[in-house]
K.L.:
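I am attaching a structure below and will ask some questions about it afterwards.
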Amino acid sequence: MAMLVEYRDEVCARIATDLAEWGMRVIRAQSAGEALRMCGRYDPFLVVANLDLPDQSGWLLAGKLRLVDRRIRVWLYQPRLSRHDKGMAKYLHVDALLDYGGDLLGLSETILDLMADRREPTNTAIDALDLIAT
């Protein structure tokens with residue numbers, strides 16, 4: 001399960017639809033506070049969040065998520081990243097920091113590419129490899 005932390009409906013709809021088509025169950029939080037409350041209830045393995053949230057920064061959310069559960073993957077995005085943002089991402093052990101330049105389709109494609117890169121092998125793939133080896 002993935003949690004999308006985004007207050008803008010059009011951005012949420014684009015990313016959530018693409019993740020759902022990829023096979024992910026997606027839940028939405030519209031603020032950092034709501035995201036933290038929902039983490040206890042839903043136990044997501046991935047949190048994809050906008051750095052500019054209405055109630056607090058994505059940096060504060062990332063730090064709190066690391067305190068809640070270090071296994072949660074945290075991906076943050078923003079239209080323009082600075083050198084400071086890159087330093088903060090490293091300091092907070094953010095798994096991915098995405099500079100999407102305002103291109104929503106590009107952001108969604110980048111997120112899907114990251115999902116594909118981190119996909120775990122399925123049992124069927126492992127079984128097929130075992131058959132080839134014997």
Side-chain angles (χ1 to χ4, degrees):
M1 176 183 314
M3 179 184 300
L4 180 59
V5 187
E6 175 57 62
Y7 62 95
R8 298 169 297 177
D9 292 336
E10 66 278 0
V11 175
C12 181
R14 174 80 235 185
I15 296 170
T17 299
D18 287 347
L19 287 174
E21 286 177 2
W22 195 81
M24 293 295 306
R25 181 170 174 228
V26 180
I27 55 174
R28 178 187 186 186
Q30 294 187 21
S31 68
E34 183 180 11
L36 291 168
R37 286 188 299 277
M38 292 174 75
C39 275
R41 187 177 319 138
Y42 294 104
D43 194 29
F45 78 93
L46 171 66
V47 174
V48 180
N50 185 337
L51 265 173
D52 296 322
L53 296 169
D55 59 341
Q56 57 188 264
S57 77
W59 297 124
L60 194 52
L61 172 62
K64 289 177 180 180
L65 286 171
R66 289 294 176 222
L67 291 173
V68 171
D69 185 351
R70 296 210 38 93
R71 298 171 296 154
I72 296 175
R73 294 179 183 162
V74 179
W75 297 351
L76 300 174
Y77 60 88
Q78 188 173 32
R80 302 267 183 266
L81 296 173
S82 68
R83 192 175 233 200
H84 174 265
D85 293 327
K86 293 173 185 173
M88 286 295 292
K90 186 175 181 178
Y91 177 73
L92 293 170
H93 304 285
V94 170
D95 298 292
L97 182 61
L98 310 174
D99 183 353
Y100 71 100
D103 177 15
L104 181 54
L105 182 57
L107 173 62
S108 186
E109 288 173 354
T110 300
I111 290 170
L112 292 178
D113 288 344
L114 286 171
M115 291 296 295
D117 290 346
R118 287 168 170 78
R119 175 179 257 174
E120 297 292 326
T122 63
N123 289 338
T124 306
I126 293 169
D127 293 341
L129 290 174
D130 288 340
L131 289 174
I132 293 170
T134 57

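What you are looking at is a predicted structure, and each value in this text was computed from that prediction instead of being measured.
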K.L.:
Working to the nearest 0.5 angstrom, can you tell me the gap between Leu46 CG and Leu19 CG?
P.N.:
7.5 Å

K.L.:
Could you pull out the closest heavy-atom pair between Pro54 and Tyr7, with the gap in Å?
P.N.:
CD-CD2, 3.5 Å

K.L.:
With a 4.5 Å limit on heavy-atom distance, are the side chains of Phe45 and Arg73 in contact?
P.N.:
yes

K.L.:
Taking all non-hydrogen atoms of both residues, which atom of Trp75 and which atom of Ile111 are closest, and how far apart?
P.N.:
CZ3-O, 3.8 Å

K.L.:
About how many Å separate CH2 of Trp22 and CE of Met115, when rounded to the nearest 0.5 Å?
P.N.:
4.0 Å

K.L.:
Please check: side-chain N/O of Arg28 versus main-chain N/O of Glu6, any donor-acceptor pairing under 3.5 Å?
P.N.:
yes

K.L.:
Would a hydrophobic clustering, with Ile, Leu, Val, Met, Phe, Trp and Tyr connected at side-chain separations under 4.5 Å, put Leu51 with Val5?
P.N.:
yes

K.L.:
Looking at Thr110 and Gly106, would you say the former's side chain and the latter's main chain have a donor-acceptor pair under 3.5 Å?
P.N.:
yes

K.L.:
With a 4.5 Å cut-off on side-chain heavy-atom distances among I, L, V, M, F, W and Y, is there a chain of contacts connecting Leu114 to Val11?
P.N.:
yes

K.L.:
Where is the tightest heavy-atom contact between Leu61 and Ala35, given as atom of each residue plus distance?
P.N.:
CD1-CB, 4.1 Å

K.L.:
With rounding to the nearest 0.5 angstrom, report the CG to CZ distance, Asp85 to Arg80.
P.N.:
12.5 Å

K.L.:
To the nearest 0.5 Å, what is the distance between CE (Met24) and CE (Met3)?
P.N.:
11.5 Å

K.L.:
Restricting to non-hydrogen atoms, name the atom on Leu4 and the atom on Ala16 that form the minimum distance, rounded to 0.1 Å.
P.N.:
CD2-N, 4.0 Å

K.L.:
Rounded to the nearest 0.5 Å, how far apart are SG of Cys12 and CG of Asn50?
P.N.:
11.0 Å

K.L.:
Hey, is CZ on Arg25 packed in by over 12 heavy atoms from elsewhere, all under 6.0 Å?
P.N.:
no

K.L.:
Can a donor-acceptor pair be found, under 3.5 Å and without considering hydrogens, that links the side chain of Asp18 to the backbone of Ile15?
P.N.:
no

K.L.:
May I ask whether Leu53 and Ile72 are part of the same hydrophobic cluster, defined by side-chain heavy atoms of I, L, V, M, F, W, Y residues being less than 4.5 angstrom apart, directly or through others?
P.N.:
yes

K.L.:
Linking I/L/V/M/F/W/Y whenever any side-chain heavy atoms sit under 4.5 Å apart, do Leu98 and Met88 land together?
P.N.:
no

K.L.:
I'd like to know whether OH of Tyr91 has more than 12 heavy-atom contacts from other residues, nucleotides or ligands below 6.0 angstrom.
P.N.:
no

K.L.:
Just how far is it from atom OH of Tyr77 to atom CG of Asp52, taken to the nearest 0.5 Å?
P.N.:
10.0 Å

K.L.:
Side-chain heavy atoms under 4.5 angstrom apart, residues restricted to Ile, Leu, Val, Met, Phe, Trp, Tyr: same cluster for Leu104 and Val26?
P.N.:
yes

K.L.:
Using every non-hydrogen atom in the two residues, find where Ala62 and Leu76 come nearest and quote the distance to one decimal.
P.N.:
CB-CD1, 4.2 Å

K.L.:
Salt bridge check, Asp95 against Arg66: does any charged N sit closer than 4.0 Å to a carboxylate O?
P.N.:
yes

K.L.:
Is there side-chain contact between Met1 and Asp43, with heavy atoms separated by less than 4.5 Å?
P.N.:
no

K.L.:
Could you tell me which non-hydrogen atom of Cys39 sits nearest to which non-hydrogen atom of Val47, and how far apart they are?
P.N.:
SG-CG2, 4.5 Å

